[in-house]
Amino acid sequence: MYKYRKRDIYLQAFVGVMFIFFGGLLGNWVYLSILGLIAVLLFKDCLKQLKTVIEVKGDRIEQRAGDKVFQVVYFKDLQFITRTKRHKKWIVVGHDRNLFYIRPSIINWEQLLTEVLKYNKSNKKVFIHETIESMKF
């Protein structure tokens, strides 16, 4: 069972507070409403991340908040395990229609990646990036 780091969640909430503060400093209700809407969306995402739990089960990765499962990636459908171009430590697991990101903001993300690789060692149709196979970060 994996969760997101509290520090990263609180940093995101702080950015939302700063948006509201700077919107109030500008003194225009249009800027305040736009920045307030962005802040509300950031706060909503923070609350969702606080409740989010990531589990690796025998045949899938499951991401859920409370009782609601909102993302499932089945290992039998995987096409690739690779890195993103922009954020080199972000690992993308999935196929064309369903992507799951393993980010450093997840507590023990290296262990999560190791579990995913362990379940996919025998699957020959999955493309695994060469730096991920050798576990060089």
Side-chain angles (χ1 to χ4, degrees):
M1 210 160 74
Y2 301 94
K3 292 185 172 211
Y4 288 99
R5 287 191 183 124
K6 301 266 190 218
R7 184 188 63 152
D8 295 333
I9 297 170
Y10 294 149
L11 179 65
Q12 184 176 348
F14 179 72
V15 169
V17 169
M18 295 305 295
F19 275 1
I20 292 173
F21 177 73
F22 287 125
L25 278 180
L26 291 173
N28 191 342
W29 66 271
V30 175
Y31 294 128
L32 180 60
S33 63
I34 292 171
L35 292 176
L37 177 66
I38 294 171
V40 166
L41 293 175
L42 284 173
F43 293 143
K44 181 183 171 192
D45 189 46
C46 287
L47 291 176
K48 184 178 178 182
Q49 284 184 358
L50 279 173
K51 296 185 237 174
T52 299
V53 175
I54 302 165
E55 288 184 311
V56 178
K57 298 193 176 176
D59 62 338
R60 65 186 179 272
I61 302 172
E62 197 172 80
Q63 189 174 19
R64 58 184 166 85
D67 294 337
K68 182 180 178 187
V69 175
F70 59 89
Q71 187 175 13
V72 177
V73 177
Y74 291 98
F75 292 143
K76 65 179 179 170
D77 298 333
L78 281 185
Q79 292 177 347
F80 52 83
I81 301 173
T82 188
R83 295 173 176 255
T84 60
K85 287 184 180 181
R86 188 169 191 187
H87 306 286
K88 296 296 182 189
K89 288 192 174 184
W90 286 28
I91 309 298
V92 181
V93 176
H95 52 87
D96 292 335
R97 294 177 309 277
N98 193 2
L99 300 176
F100 179 77
Y101 292 94
I102 299 174
R103 301 180 285 185
S105 63
I106 298 173
I107 299 172
N108 295 330
W109 67 277
E110 295 99 348
Q111 183 181 359
L112 175 61
L113 179 61
T114 305
E115 281 189 51
V116 170
L117 289 174
K118 179 180 78 171
Y119 284 114
N120 288 296
K121 284 281 187 198
S122 63
N123 195 351
K124 300 295 182 191
K125 67 178 184 175
V126 176
F127 169 76
I128 300 174
H129 197 268
E130 59 268 359
T131 58
I132 295 173
E133 276 186 333
S134 61
M135 297 294 284
K136 292 180 183 176
F137 297 106

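These values consider heavy atoms only, across backbone and side chains, with no hydrogens, waters or symmetry-generated copies. Quick note: residue numbers are just sequence positions, from 1.
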Heavy-atom check, side chain of [X] versus side chain of [Y], under 4.5 Å:
| X | Y | value |
| --- | --- | --- |
| Ile102 | Val93 | yes |
| Ile54 | Phe100 | yes |
| Leu42 | Val15 | yes |
| Lys89 | Arg103 | no |
| Arg83 | Ile91 | yes |
| Ile106 | Leu112 | yes |
| Thr52 | Arg64 | no |

Look at the aromatic rings of Tyr119 and Phe75 and report parallel, tilted or perpendicular, splitting at 30° and 60°.
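Geometry flag for Phe75 against Tyr119: parallel rings.
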
Over 60° means perpendicular and under 30° means parallel, so classify the ring planes of Trp90 and His87, tilted if in between.
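Plane angle under 30°, so parallel.
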
Would you compute the distance between atom CD of Gln79 and atom CG of Asn98 and round it to the nearest 0.5 angstrom?
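CG of Asn98 is found 11.0 Å from CD of Gln79.
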
Separation between OG1 of Thr82 and CG of Leu99, rounded to the nearest 0.5 Å
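Between Thr82 OG1 and Leu99 CG, I get 11.0 Å after rounding to 0.5 Å.
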
Side chain to side chain donor-acceptor pair (under 3.5 Å) pairs, two or more places apart, involving residues 12-28
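Sorted result for residues 12-28: Gln12-Asp45.
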
Say whether [X] and [Y] are linked into one hydrophobic cluster, either directly or through other cluster members, by side-chain heavy-atom distances under 4.5 angstrom.
| X | Y | answer |
| --- | --- | --- |
| Ile107 | Leu50 | no |
| Phe22 | Phe14 | yes |
| Val73 | Val53 | no |
| Leu35 | Phe43 | no |

With a cut-off of 6.0 Å (strictly less than), are more than 12 heavy atoms of other residues, nucleotides or ligands near OH of Tyr31?
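No, the 6.0 Å shell around OH holds no more than 12 heavy atoms from other groups.
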
Neighbour count above 12 (heavy atom, 6.0 Å) for Tyr101 OH
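No, the 6.0 Å shell around OH holds no more than 12 heavy atoms from other groups.
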
By ring-ring contact (aromatic ring centres under 6.0 Å, His included) - contacts of Tyr2 (at least two apart):
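Tyr2 satisfies ring-ring contact (aromatic ring centres under 6.0 Å, His included) with no other residue.
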
Looking at every heavy atom in both Gly16 and Ala39, which two are closest together, and how far apart are they?
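Between these two residues, the closest heavy atoms are O-CB, 3.3 Å.
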
With a cut-off of under 6.0 Å to the ring centre and 45° to the axis, is Lys51 in cation-pi contact with Tyr4?
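Lys51 over Tyr4 ring: no.
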
